[in-house]
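Note that the structure is predicted; figures quoted are calculated from it, not measured. Counting convention: from 1, in listed order, for ligands and their atoms alike.
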Amino acid sequence: MSQTLLRGKHLITFQEWNKNEINMVLDVAGDLKRRFATGEPHRLLQDKTLFMMFFEQSTRTRNSMEAGMTQLGGHAHDLTPDKMQLSHGESAKDTAMVLSRMGHGIACRNCFYGIGNKYLREMAQFSSIPILSLQDDLYHPMQVIADLMTIQEYFGKDTGGLKVTISWAYAISHAKPLSVPLSQLLMFPRFGMDVTVAAPKEFPLYPELVAAAKRNAAENWGKLIFTDDMDTAFEGAQIVIPKNWGGFGNYTFDEYNQNEEACRQEMKNNLAKHKDWICDERRMKLAAPEVKYMHALPADRGNEVTDAVIDGPASIIYDEAENRLHTAKAVMALTMGGRP
Ligand code: CP
């Protein structure tokens with residue numbers, strides 16, 4: 001069964017959406033994907049406005065949302081702090097109250113550790129229109145729903161017992177937020193998946209959400225285990241998702257924000273110890289014959305993953321990226337439109 005009454009609902013994390021609501025998003029995303037493929041118009045948000053606030057760079061999220069709004073018949077404003085008075089200190093409350101008077105949805109990416117999720121929650125407290133997370137320091141709901149859709153397309157809707165490995169990987173591009181792996185390990189066990197998380201001990205995930213993910217697994221016949229051995233984690237996996245994340249989980253929000261420079265240096269020193277955490281062809285051979293390789297992108301080629309793997313037959317990264325469009329449209333259509 002799926003839930004149809006989603007108009008006005010905030011999306012900061014799918015932890016706050018039940019499985020019926022998540023299944024509705026997946027159903028609508030499938031329908032909108034079919035309509036996109038056949039060229040059938042689907043102007044479900046005609047004349048509606050979405051305000052998008054990006055505190056960080058984005059390719060997939062920005063363009064899936066903006067293209068999605070155009071295809072749904074509405075318009076998205078692409079906003080960054082330098083275009084807004086928040087760069088002069090305007091509060092999240094005032095920003096949300098004012099934009100609520102002018103449009104139909106506010107979407108925001110703010111990934112600063114210990115700050116981003118709080119910022120979105122403050123906007124949600126005061127906004128009278130849906131607040132949609134475009135990623136914060138803890139959650140990336142728009143990514144994980146696209147991941148779930150992609151997994152179901154390849155392995156079927158019944159994902160019970162599916163063996164999924166979420167692995168830390170070395171990267172030099174930047175210290176990536178915890179929000180993608182955390183959202184995946186919260187979501188996948190809710191759909192009965194058998195999830196293994198691999199990471200060096202210096203790169204833990206945020207403990208409070210790891211505990212929540214364990215509860216999700218226990219309540220939904222899923223499994224969640226942790227290891228510090230990448231090879232072991234790959235053995236028999238049907239899906240592998242190797243990706244870097246920064247060592248933020250070692251610090252409380254206050255510890256990090258009061259000593260940011262020292263924490264960043266420690267994270268950098270720890271990173272240098274684990275250059276061998278790469279997804280390569282040898283490791284892919286440890287996985288199940290039908291294994292699929294996923295990555296939210298952007299990938300750090302040559303560090304997180306070899307070209308042979310990311311461009312190889314197991315890779316489904318572009319299907320995963322395309323599904324960002326269809327799932328984003330489903331979320332917007334249901335929360336900003338939908339039935340009253
Ligand atoms: N996966 C993802 O969120 O990509 P962008 O940072 O390009 O939006």
Should R60 be counted as touching ligand 1, given the test is an N or O pair under 3.5 Å? yes
If you measure every N/O of P298 against every N/O of ligand 1, is any gap under 3.5 Å? no
Enumerate the atoms of ligand 1 whose separation from the nearest heavy atom of [X] is less than 4.0 angstrom.
X    : answer
H140 : 2 (C), 3 (O)
A296 : 1 (N)
L297 : 1 (N), 2 (C), 4 (O)
T59  : 5 (P), 7 (O), 8 (O)
R324 : 1 (N), 2 (C), 3 (O)

Looking at every non-hydrogen atom in both residues, tell me the closest pair between [X] and [Y] and how far apart they are.
X    : Y    : answer
M84  : L99  : CE-CD1, 4.3 Å
I145 : M142 : CG2-O, 3.6 Å
N257 : G114 : ND2-CA, 4.0 Å

Can we say R121 and E16 salt-bridge, meaning some charged N sits less than 4.0 Å from an Asp/Glu carboxylate O? yes
Looking at S133, is its backbone amide N or carbonyl O close enough to the side chain of R109 to form a donor-acceptor pair, meaning the two atoms are under 3.5 Å apart? no
Which one holds for M65 and ligand 1: side chain close, backbone close, both close, or neither close, with close meaning a heavy atom under 4.0 Å? neither
Considering residues, nucleotides and ligands other than Q57, do more than 12 of their heavy atoms fall under 6.0 Å from its CD? no
Would you say D300 and N244 make side-chain contact, with heavy atoms under 4.5 Å? no
Among non-hydrogen protein atoms, atom 6 (O) of ligand 1 lies closest to R109 NH1, 2.9 Å
